[in-house]
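Labels below follow one simple rule: chain letters A, B, ... track the order of the sequence lines, proteins then strands, and each chain is numbered from 1.
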Protein chains: 4
Amino acid sequence: MSKKNKPTNQKEMSFIEKARRTQIVECAIETIAEIGYAQASLGQISKRANISKGVISYHFANKEDLLDQIAIEYYMAWQSYIAPLIEAQKSPKEMLRVYIESNLTFIEENRKHVIAVIEVVSNKRTSDGKFRFASDHDETILLPIENILTLGMQEGIFRKFTRSSSRVMALTIRNAIDGFTLELMKKSHLDVQEYTRELVTLFDKSTKK
Amino acid sequence: MSKKNKPTNQKEMSFIEKARRTQIVECAIETIAEIGYAQASLGQISKRANISKGVISYHFANKEDLLDQIAIEYYMAWQSYIAPLIEAQKSPKEMLRVYIESNLTFIEENRKHVIAVIEVVSNKRTSDGKFRFASDHDETILLPIENILTLGMQEGIFRKFTRSSSRVMALTIRNAIDGFTLELMKKSHLDVQEYTRELVTLFDKSTKK
Amino acid sequence: MSKKNKPTNQKEMSFIEKARRTQIVECAIETIAEIGYAQASLGQISKRANISKGVISYHFANKEDLLDQIAIEYYMAWQSYIAPLIEAQKSPKEMLRVYIESNLTFIEENRKHVIAVIEVVSNKRTSDGKFRFASDHDETILLPIENILTLGMQEGIFRKFTRSSSRVMALTIRNAIDGFTLELMKKSHLDVQEYTRELVTLFDKSTKK
Amino acid sequence: MSKKNKPTNQKEMSFIEKARRTQIVECAIETIAEIGYAQASLGQISKRANISKGVISYHFANKEDLLDQIAIEYYMAWQSYIAPLIEAQKSPKEMLRVYIESNLTFIEENRKHVIAVIEVVSNKRTSDGKFRFASDHDETILLPIENILTLGMQEGIFRKFTRSSSRVMALTIRNAIDGFTLELMKKSHLDVQEYTRELVTLFDKSTKK
DNA sequence: CATGAATGAGTCTTCATTCAT
DNA sequence: GATGAATGAAGACTCATTCAT
């Protein structure tokens, strides 16, 4: 069955098929993290995977399909790691702290994957030059943060946020987290604990009443 | 005389030479901003400049040279716009406010250039896969912010910052500013005034004693 | 036992084997007729047959073997449809009329198969670039027509034909019939009755004394 | 200037550009005639032209553009050879004779080109599997023949033709001529004079009153 | 100075074929 | 018998770079 028509339909995939795809995606992540998006050709990826170039084409409709998968898998792993930790918190303040902590922990433990996702996402444009993922990002990434802010405001713990100011706040938090990834790329011996503590303090202060 | 040996030595360039280079750099910026780093081939750039592909090769040692120039020119323009405004301020608090304000203003007025620089910098790696600009970034971009923070701390206006916490603070401020660019790419009708106000408030609170 | 050694030896084939081959050949015909010779990969054919690509390789020595089979089966079906109708005629004039009529009828009823055969035959070359089927064509396709012409000449019904002129006549008749197929491909609503009548008239006149 | 936007706009082409294109088109013709449409890759063509593969891509937007050019150039050469000869004739009967004669002569003198055109045209399909050139063919190739037939009928020299019967007649004439090309491919020592004479006789009889 | 032309390495993709299960 | 998986060669096309004019 061709992958052309249902590239992401995992329901009908055999176990071995899923394993292969996962392996290839992992190699793609490794490759992008190591040599960068621009240099990460299918040839480079297949070389690292010790497979023939054709295997990738066999399991993925095209390069875009493979690259998308990197983002999709990452998002799912991220989601299932972060969400329960947040939900376990009672106060918005704790939620925000845990959001920052868990994100940084997740990033540290999945360095290469995060790097690869960032490269893929930031290089992804539609044929008319517009960015893809733009609208997705707001709904799936920012909204949860904004919800925490709104909750904190309603409970009287956080300062007052308008629509627009909670959006800027959420963006800044997210940018701080994403920026941490880049910092981690440059300095692999970064003290994550400390970085986390500082960010928590910073946003604790900036959200306080 | 070929540019091979002295690609960035502007001293010996004739006026016409400089003009040509500037024109090409501008077209490169335009091109990258419009269609993205990956699609911005020398062919595309020369097409937008209405010149032959060879001209670029004549004036720049290679593509990398051209791309670097985008970052260099941007940094210089940025520097000469921001620096005097900061220096005109008396208190660290005002400096920080002006830093944020002037950066956002500068970005809004140079959208395409900023976008291009971000694409170039984030895709630039050395042949062994490491990021270039990494060390530059700390000294030229972060240090000035850290200096403001240190000053504010010494004057007793800002809270206490350790080496590491002022670094995280500076990074977060910078990430907020850079992130604003991306937001501006996605939503061109963004209210810059408002965004600026929110960021100033946010970092005012987070640096306060 | 692999088909490698006796790809066309139908004697030793089991019933199921024959059925499978027939099914695959039919799908190949369908595919070529629909998307053209160049696009008709084994993948496309197997997709239409709802079988795996490997099955084709299992039942046919190679792609060429499968393609040849299309021509062979067609020729046999054509032969057994046409021959008895011709033989049932008494006069050469009637034979010619029936030849034309029966060919056009056969073509109309086997559109896809004819199209596929034409595509296969016209794209088939030996490794040194020469056409295959070239010599076959003369003996199996043209000779029967020439025989009718000779007969008609001997009986004094047709005009005089030399070796060479009966060959040209036969070729022209055959070209008219094959050309009808192409016309049918372009205009599926062609009035076959009418087309037949015109051709019969045309060649009736051109063979008359 | 990219060939993408104006692949066939010959007005703006320099002399040297036209020469190169012509040379490449000629090599493409040679290649297709020799090894067939399916085997005629850009690599094969460039090899025969003793140029790098990239040169073809430089001068033609894509393979289709090159292949189309073969047909276009042929049609123009054919047109300018045939048309004046026909127009010089006074009676429809002579026109038909000259049409057949000049076509066969032209084909003999441009064997390879004709072969290439036939292969290109017969393999050309749109993305949905339909033939291209189909509608063109009727207007540019068949109409002129039909006009001769109509004229002959009006002058009382030819037998009566309805819309549909003149179409079939024209098709048959054209098929005879195109079929001659295939015959010439198979038997290069064909006596063209004789073939021509036979065809003229054949269609003379079949159009007579 | 500028250009058009050419190159050749490299990109993604397709495909006939093989093979272990 | 049948299949999914894998291969590797070949395909068209892109592009940074070089060079003669």
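Atom CD of C:Gln39 has 12 or fewer heavy atoms from other residues, nucleotides or ligands within 6.0 Å.
One interatomic measurement links the two molecules: CG of B:Leu66 to P of F:dT17, which rounds to 10 Å at whole-angstrom precision. Following rounding to the nearest Å, A:Arg21 (CZ) and F:dA6 (C1') show an atom-to-atom distance of 16 Å. Across the protein-nucleic acid pair, A:His59 atom NE2 and E:dT14 atom C1' stand 16 Å apart, rounded to whole Å. The interatomic distance linking C:Ile45 (CD1) with E:dC15 (C1') rounds to 12 Å, in whole Å. Between the C1' atom of E:dA5 and the NZ atom of D:Lys18 lies a distance of 18 Å, rounded to the nearest Å. F:dT18 atom P lies 14 Å from atom CD1 of B:Ile56, rounded to whole Å. In this structure, the CD1 atom of C:Ile24 is 11 Å from the C1' atom of F:dA2, given to the nearest Å. We find that CD of A:Glu17 is positioned 8 Å from P of F:dA6, with the value rounded to whole Å.
Note that CD1 of D:Ile118 is 7.5 Å distant from CE of D:Met185, once rounded to the nearest 0.5 Å. How far CD1 of A:Ile70 is from CD1 of A:Ile24: 11.5 Å, rounded to the nearest 0.5 Å. A distance of 9.0 Å separates CZ of B:Arg125 from CD of A:Glu34, quoted to the nearest 0.5 Å. Atom SG in C:Cys27 sits 8.0 Å away from atom CD1 in C:Ile56 (nearest 0.5 Å). Atom-to-atom distance recorded for A:Met76:CE and A:Gln69:CD is 8.5 Å, nearest 0.5 angstrom. Separation of atoms CD (B:Glu26) and OG1 (B:Thr31) is listed at 11.5 Å; rounding is to 0.5 Å.
Contact annotation: D:Tyr58 reaches the phosphate of E:dA5 (side-chain N/O to OP1 or OP2, under 4.0 Å). OP1 or OP2 of F:dA6 lies within a sub-4.0 Å distance of a side-chain N or O belonging to A:Arg20. Phosphate contact (OP1/OP2 of E:dA6, side-chain N/O of D:Ser57, threshold under 4.0 Å): absent.
Checking A:Val55 against C:Asn50, the closest nucleotide of DNA chain F that is more toward the 5' end is the one next to C:Asn50. The residue among D:Ile16 and A:Glu64 whose nearest nucleotide of DNA chain E lies closer to the 5′ end is D:Ile16.
Using a 4.5 Å heavy-atom threshold, the side chains of A:Val25 and A:Phe60 count as touching.
Minimum interatomic distance between D:Asn123 and C:Tyr37 (heavy atoms only, all atoms of both residues): OD1-CB, 4.5 Å.
For B:Ser52, counting side-chain heavy atoms from C-beta on, the closest listed nucleotide (E:dA2, E:dG4, F:dA5) is E:dG4.
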Are there any protein N/O atoms within less than 3.5 Å of an N/O atom in nucleotides 10-12 of chain F, and if so, which ones and at what distance?
residue, atom, partner, partner atom, Å
F:dG11, OP1, D:Ser41, OG, 3.4
F:dA12, OP1, D:Lys63, NZ, 2.6
F:dA12, OP2, D:Leu42, N, 2.9

Study note, to complete from the structure: Here DNA chain F, pairs taken as Watson-Crick or G-U under 3.5 Å and shown with ( ), [ ] when crossing and | when to another strand, reads .||||||||||||||||||||
